[in-house]
Structure formats: C-alpha cells, structure tokens
Amino acid sequence: MNDTRPPILEIRGLRKTFGDVEVLRGIDLAVKAQELVFVIGPSGSGKSTLLRCCNRLEEASAGSIRVDGADVMARSTDVNAMRRHIGMVFQSFNLYPHMTALRNVTLALVKVLGKSRAEAERIGLAALDRVGLAGKARSYPGELSGGQQQRVAIARALALEPKIMLFDEPTSALDPELVGSVLNVMRELKRGGMTMLVVSHEMRFARDAADRVIFMDHGVIVEEGPPQLIFSAPGEARTRAFIAELTR
Amino acid sequence: MEAIVQQFFNVAIMAQALPLVVAGLRQTIVICLIVIPLGLAGGLAVALISLSRLRAVRWAAIAAIDFFRSIPPLVLLIFIYAGLPFAGIRPSPLAAVAIAFLLNTSSYYGEIYRAGIESVGLGQWDAARSTGLRAAQTLAYVVLPQAVRNVLPDLVSNTVEVVKLTSIASVVALPELLYSADMARSVTFNSSPIVLAAAIYLAMLWPVVRLISRLERRIAT
Amino acid sequence: MTAWSSFVDTFFNWHVIERYSPAIAKGVVVTIEVAAAVVITGIVLGLALAVVRAFRVLVVNALIVVFVDMFRALPPLVLMLLVYFGLPNIGINLPSFAVLWLVLALVLTAFAEEIFWAGILSIPKGQWEAARSTGLSFVGTLAYIVLPQAIRLTVPPLTNRTIAITKNTSLGTVIGVGEILNQATTAQSFSGNATPLMMGAIAYVVLFIPVVVLGRVLESRFAWRRV
C-alpha cells in the first residue's frame, strides 16, 4: 500500500439531520486513490445518506467533503460540473426507459461535457464495452435483464471518467444469478485502478476486492479495517453482532 | 317520420347552407390552431411553476389552476368580452376567445402535465442529476418525455374538449362553425344546418374519441 | 376618479350588488337544481349502461358504443340548439330547463359509461374466476365482487368529468334558462355596469372551488392511472 497517495475523497465531521432525526453524526472518512472502500451496516445506519451527501443529492447539515481537494459543499462550487467527477450507481439502476442503452450513456457526455454526437458515441461504446455490453448499445432498458441494466448504469457513470465511483447497494435489487455479472464488472474496475466507495452486503466480494471495510451503525463509523480483520475478528461487539447476522 | 327528416335531414337546405358552414369550419380551425398550442405551452409553463421549490409560488400556481377550473369557460368569455369594455378595454371577439381559452385550457393542461411529471419516479431525477445534468436539462431530456408519455390520453382527451369548446365562441358572435350553422337555421327555420355542423364535428372528433377509449383501456388494464 | 375607485365602481359597485343579489341568488338556485338533476341521472344511467355492456350482447353493445361515442364527440351547445330549436318543429315542446337537463344528462351518461366500463375491465379476470368458481352467479359476481372494486377506482375521473359537465349549465343562458350567467348578463344590461358579471363569476367560483378541491383530494387518494 502506497501511503503517500492523496485522498480522492475526504470527509470530515459530516452530519445530516432529516427533520428531528440525526442520520449522520459526525463521519470522518478518507478514500485514497485506487482504494476500494466497502461500507456495511444495518439499514438506517446512514450508509446511503453518506453516499448521497458526497454528490450533494442530499445537502449535509454540517461538516466538509472534498473530492480531489475541491470543496464539494462550497456555495461557489458548480454542482453540475463537480458531479461529473463523482460517478454514482443506484440500487434501482434508474436507467432512462425511453432511451437506448447507448443514449443513456451519451446523454451527459453531449449535454454536460459538450461533446459532439460522434465523439460521445465513441466514448459511450467504449464504456459499454468495458462492462461487456457493446452488443446491447441499441437496446432499450426494458429489453435488458436486471444485471445488464445495472451494468449499463455503471457504463453511464464510467463514461464521464469520474475520479471516484459511489455504489449504493448495486446488487440488492438483482436476482441472485445476475449478481455475479455486476460484481465481475466491479472487480474489473478495481483492477483498472478506479477509486470506489461501495455500500453493499456482498461479503465475499468485500473479502476478495476491498482494501478497507467500514462498519457503520446509527450514523457513526463504529470500526474500520482490512476485510480479513473486520470479517473474522472484529474488535467491537456491535460489529461482531452484525457480521454474525449477515453470515447466518 | 317524414317530419323528422324534413326538419333535421333536409338535404336541399344542407346544400344551401354548405358554403356558410364551411366558412365557419375554417374559422373554427383557425381558433383551434391558435388556442391549442397556446394552451399546451401555457399549461407547461403553469405546471413548471407549480413545481417551484418555493411553497408560496407553488400554492399560487395551484390556486390559479383551481380558480380557472372553477369558472365555466362561457362565463370567463362573457366577462372578458362584455365586462372589460366597462373598464375601457374592448377586445375583439377573437381576442376575447383567445384570452378566455388561454386561461381556461392552460389550467386544464397544466394540471395534466403536473400529474405526469409527478408520476415520473424520483430515481430518474437522481440518476440524471448525478451525471451532472442541470435541472432544466433533466426536465427536458429525461423527465418530460416520460411525463408526456404517461399522460398522453389525458392530453389528447383535453384537446378534444378544447375543439368542442370552440362552439361557445358562437355566443360572442364569432362566425365559427356553430354560429354559421345557427345563422343558417334562423334564416331557413330549419335545423338541418345544425345537423350538418354536428356531422362535421363528428367527422373530426369521432375517430379521436375512439382512440382515446382504446388508450385509456390499455392503461387501466 | 382614481384608477382604483373607478375599477371598484365598474366591477364591485355596492349599489348594483345590493340591487341584483336576489336575482343572482335565484340563478344560483337554478344552477344547483340543474346540476343536481344532471349529476344524478347521468351517473345512474352511465352505470346502468356499463352494467348492460357487461352482459356482452353484441348488438346492444354496438348501440351503446355508438351512443357513447356520439355524445362524447359533439359539443353540448350544438346538441342544445338542435333540441331547443328543432324539436318544436316536429311537435315536441320542451321547456328550456328540460332541454338543458336532458342534453347535459346524456353527455354525462356517455362519459360516465366509459369511465365505469374501464373500471369494470380493469378488475383482473382472476376475481371473476374466483367468484364464479365458488358458485356465485354472473350477476352476483358483478354486484358483490366486481362493481364494488370498480366503482372505487372510478371516483377521481368521474369527479373531474362531472365537474366539467355541470359547469356547462352556464350554456343554459343561450336558450333562456335562468341560471347564474343569464341573471348576470340581464342585470348587466339593465344596470349598465359590469358588477353583475363579477358577481356571477364569483358565484360560480364559490360554488365550484370546493368541488374542484375535493376532486384534487380524491385524485391523490385514489390515483388509478399510475404507470
């Protein structure tokens, strides 16, 4: 591990309140370049909210978030330009049903980055190829399986060449047989050097691919460490209880 | 029986009235060409305003929609045509019709667009915004296309209503289809011209009405 | 006179309001009477036609479809003029109140039938099959299983459509029914002031806004056309 790499994502003292419920209670987290950080925890622990604060789909109540040094939450930051650097993959894919897979991928390239249609299609096809779906470029989401749709969603984020990719339970909505195809793509991304922050309960994947695992509960980070440590011999009682539940 | 045919299906009188009625039809089409695009555009504007982040603006838009949906279009038309002159504004019959219809149809179309936009899941917004698309771009390329598709039967159905609504322009003596037919009726003391006008409305709208039924049924089942 | 006081004098003249309130009030009563008559007959007849359609007798259904399509495609004003001016010439003399009620009721019947029919069709076949397989008759299934579910679905579109059609009572002014608009325009020409028109407009708003708001509430509670 090269410890002199600068953190791509740096979160300090992040807090988020919804109404009178404090969902995030002071999160400090740094994700270094090319790291795959895995976040686990019970539902309601704030994992999704954490991710959504990073690209400001939710506005944090307090704290700071920096991506590659740039302050995400500053008022002067151009949110739309900033979002291109932070790729997001959702549990429910959220592909645009009225557009082909290729158009799903190229829309932001054309409208946000101002690329020409031809250039965008070249980049888009390359991204679809990376996820193994170049052949489905002209298909509509309705014609694709869940796993294929999620991979197109990954290509859509990938095509913008983000500095970090956030995965919010990417396989939770998939039938078990389709999960593998998506995880393989994620493994490929990791091998290609992408920085990734993943919320998921795919433990086997974490054991293979994660550099660090973080356990969150009730809006705070309870424990973090390398996967072997967290999964086999966690220090905290809460972590132990959660892992036990997961592996039952 | 003989009397019914004489009074309502008198072909000779229909032939006589035809030129007048056709001129009226042309005027009706002109009205539609003005009013329908205006209403569609106005309705979209109203719907977008009603989605504003500011609660006061949202409520104002919804209040305006409900207000103009509560007033019968004829009342609005008469108010504009006969009432405004007292305040010094004298709109022509066509202008009065255009204004009244704009206010009325924008509210109805606006309500339909609103329901359509709300029916597009939040996930679509999230996905589009997270790739850096602006709110306006998200609306234009991702949300509105889906919204319109969802409420297409309602949009078509409302457009049929607008075409039927043009008949009230006859009350302010705008020489559209019904006015012309009624003029022919009062001159000939025979109702066949109106039957002719009815036949023309049917020819224009019956196919669309059938289509709407089919669309509605496909969504419901 | 300042612009404001001139505006008030033109549209909110107190003397005129006092003088013509009784007339407008009479118009309100007439409007409500016609509307109530139209709503009751229209919905009952519409439901009846939809039920008849469920028996799937081909000729009868064809007739129903023709009737419904015609009354959905024709402007109510056209129908009213046809009935009001045409019928007397073949010996049928109906008072204008009856003409207004008849035309609007038939229009509502047509729309209501389509709405109820779509509701009946949307009940999954499984419901029919389950009910019939327990020995329930066709009519019994319709009465106890299908219609109760279907009717619940029809509330929002039916409410909206009913509101739209009852507002057409204002068309009665063209054939001399003494409803709100008629009273208002008469008062306006007698008084030479636009205030009666404003009173008429406000009377309609007061009458219908509660119903429109109710329709909006029902729509969100019973949303049945969600893709």
Looking only at heavy atoms and a cut-off of under 4.5 Å, which of [options] has the most pairs with chain B?
options                   : value
V205(C), L74(C), V68(C)   : L74(C)
G192(C), P124(C), G200(C) : G192(C)
I180(C), T10(C), D69(C)   : D69(C)

What are the two closest heavy atoms between P75(C) and S167(B), and how far apart are they?
CB-OG, 3.4 Å
If I compare all heavy atoms of S170(C) with all of V75(B), which pair ends up nearest, and what's the gap?
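Answer, listing the atom of S170(C) first, then V75(B): CB-CG2, 4.1 Å.
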If you count heavy-atom pairs under 4.5 Å between each of [options] and chain C, which one has the most?
options                  : answer
L74(B), V208(B), V163(B) : L74(B)
E111(B), Q146(B), Q6(B)  : E111(B)
G88(B), S191(B), S70(B)  : S70(B)

Among residues 77-90 of chain C, residues within the sub-4.5 Å heavy-atom range of chain B, in order of number, are L77(C), V78(C), L81(C), L82(C), F85(C), G86(C), L87(C), N89(C), I90(C)
Can you measure from [atom1] ([X]) to [atom2] ([Y]) and round to the nearest 0.5 angstrom?
X       : Y       : atom1 : atom2 : answer
I202(C) : I71(B)  : CD1   : CD1   : 9.0 Å
D66(B)  : F208(C) : CG    : CZ    : 13.5 Å
I78(B)  : N182(C) : CD1   : CG    : 10.5 Å
I92(C)  : I4(B)   : CD1   : CD1   : 7.0 Å
R161(C) : S157(B) : CZ    : OG    : 5.0 Å
R72(C)  : R210(B) : CZ    : CZ    : 7.0 Å

Residue part contacting chain B, namely of [X], when any heavy atom lies under 4.5 Å:
X       : answer
L207(C) : neither
N168(C) : neither
S189(C) : neither
L181(C) : side chain
F7(C)   : neither

A side-chain contact here means heavy atoms from C-beta on lying under 4.5 Å apart; do E179(C) and P72(B) qualify?
no
Identify which part of [X] has an atom lying under 4.5 Å from any heavy atom of chain C, answering side chain, backbone, both or neither.
X       : value
V209(B) : both
F8(B)   : side chain
S170(B) : side chain
F189(B) : backbone
I62(B)  : both
V120(B) : neither
A87(B)  : both

Applying side-chain contact (heavy atoms from CB on, under 4.5 Å), can you list everything that pairs with N193(C), at least two apart in sequence or on another chain?
N13(C), V16(C), S191(C), T195(C), P196(C)
Just by distance, do the side chain of R69(B) and the backbone of V212(C) share a donor-acceptor pair under 3.5 Å?
no
